[in-house]
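Order of the sequence lines sets the chain letters (A, B, ...), proteins ahead of strands, with each chain counted from 1. Remember, it's a predicted structure, so these values are computed and weren't measured experimentally.
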Number of protein chains: 2
Amino acid sequence: MKIDPQNRADLSAQIAQAIRDAIVSGDLIVDERLPSEAELADQFEVSRPTVREALKRLAAQSLIRTQRGATGGAFVNRLSFEDAYSQQITTSTLLLSMNAVSFDTACEARFALERACAALAAQRRTADQLATMRAEIHRQAQPGLTDEAFCASDVNFHRALVDGAGNPVLSYQLAGAVEAMQPLMNMITFTARSREEIITLHNRIADALEKRDGSEVDATLVELENYTRKLARDVAQKWRKPA
Amino acid sequence: MKIDPQNRADLSAQIAQAIRDAIVSGDLIVDERLPSEAELADQFEVSRPTVREALKRLAAQSLIRTQRGATGGAFVNRLSFEDAYSQQITTSTLLLSMNAVSFDTACEARFALERACAALAAQRRTADQLATMRAEIHRQAQPGLTDEAFCASDVNFHRALVDGAGNPVLSYQLAGAVEAMQPLMNMITFTARSREEIITLHNRIADALEKRDGSEVDATLVELENYTRKLARDVAQKWRKPA
DNA sequence: AGATTTTATTTGTCTGACATTTAAAAGTCT
DNA sequence: AGACTTTTAAATGTCAGACAAATAAAATCT
């Protein structure tokens, strides 16, 4: 953790970067305690508030956690899969909403990634995951469900599918892709007919997973992708020439 | 952007969350200027340093940018794909290094995701992307290349493949998976023989992409995955019983 | 009118202080 | 001596006020 150059611009950002580098490079290991804020301020020759701003930056990325009290301080945080999940979801959601990513592009990416899990999920899915999927299908079939609730259940269904691959790295990567799509999906009004169609496909996916038939899962996902994109096209058309 | 409850714990985190919510929900739109720090301090009834810590948290996630001067202030940032890339790479790298993710798990995830791009890349790859891949293969064949340089070139090759799918969302998602693997890959010492084998497979991938043969790309990626995992197993064995 | 200077605003940083939390050390009682 | 209580010290969390630096708009001058 070295000194900064005499470039007195954005001190807190420089300090944050220095500490971040130390963590990424392994100079600071998990659960290791950083020097106290006062000590860091001395080392970097800045004031305590500046150090604090740097630490808050790192805390925002879940790189450190802080604890008050006598034995307190800032500790290198073990980045959990949950933390990584939620960060990824925020980032992906904002990326989609701020960059005018077309529904088609997002949808294509989502299903491409999901199909990557299909074969693995067919091999490894647990009875528990299958039960989750069945339960979500059941919920989706209930009348009076709002579009938002339907989409939320859809997300749960697909997350169970992804988790079925039994690979936490895959699950983490895909959580963002699947959940970030939800705001876009919420813009689609699902008619009773389209819900029925989607539920049919979900059932086919669940059945195929039960039989451990990977290629059937894959084929059904392709159908689901095509149907979803068709629904989105219809919505777009309705907006172009409203009644 | 509402007030916080009387819960006077972690004020800066609460304020950051409130602003974050306002951005995600669309209450604050891209390039909109936030109130000045002094005004925010008034609104939330806290001091300016506390507001600043909150803003630094958001800046760390590239959610806002700040500008000094008369018309300066904090502005809602358009999250660029580049920003999202780099965040994802940091997160993924730390996740892998801190959670004792096995090489096999990471490798499986990486190739599963990459195979998700294969068919699309075969359809859409540009001549430019193909040229990049050929150039990287050429570099990989040069003698005297360090293992690190070989791996770096490998990353470039695969990024070109992923970019070939022509879907920025996919590219962004996979950048993390591919680049985060590099530290793990760097631990493998590539013999001349193994480099040769990998280059052969890379050539086959490039040839298949040139012919726009998606299933050939996919099949070769499977071979590459199996070979990579075999190399890793050999390394592990060497470590178990060293000469 | 155009160029220059002034001014006001805003972020970046510093100093110093107090509050709160927490665990360990010191003290007290049985 | 051992268990419980109190004190104390260290650390983060927060606050207040101040000055520096950057920047653009307004005012002034040529």
Candidates A:His138, A:Arg139, A:Gln140 - the one meeting side chain to side chain donor-acceptor pair (under 3.5 Å) with A:Ser153 = A:Gln140
Output the single nucleotide from C:dC14, D:dT14, D:dT12 whose closest atom is nearest the side chain of A:Glu37.
-> D:dT12
How would you list, by chain and number, every residue that makes a side chain to side chain donor-acceptor pair (under 3.5 Å) with B:Ser36, sequence neighbours excluded?
-> B:Glu39
Is a donor-acceptor contact shorter than 3.5 angstrom present between the side chain of A:Arg68 and the base of C:dT20?
-> yes
Find which nucleotide of DNA chain D each of A:Pro49 and A:Gly73 is nearest to by heavy atoms, and output the residue with the more 5' nucleotide.
-> A:Gly73
Output, in order, the C-alpha distance, side-chain angles, deciding distance and verdict of salt bridge (charged side-chain N to carboxylate O under 4.0 Å, His left out) for B:Glu225 and B:Arg110.
-> CA-CA 9 Å; B:Glu225 176 179 357; B:Arg110 175 194 151 163; over 6 Å; no
Polar pair under 3.5 Å, donor/acceptor by atom type, side chain B:Arg48, base D:dG17 = no
Could you tell me how the ring of A:Tyr85 sits relative to the ring of A:Tyr172: parallel (under 30°), tilted (30 to 60°) or perpendicular (over 60°)?
-> parallel
From the options C:dA8, C:dT22, C:dC14, select the nucleotide whose nearest atom is closest to the side chain of B:Ala70.
-> C:dA8
Residue B:Leu11, side-chain atoms from C-beta onward, closest of C:dG12, C:dA23, D:dC15 = D:dC15
Between B:Gln67 (CD) and C:dT10 (C1'), how many Å, whole number?
-> 10 Å
Which nucleotide in C:dT11, D:dA24, D:dA11 has an atom nearest any side-chain atom of B:Ser36 | C:dT11
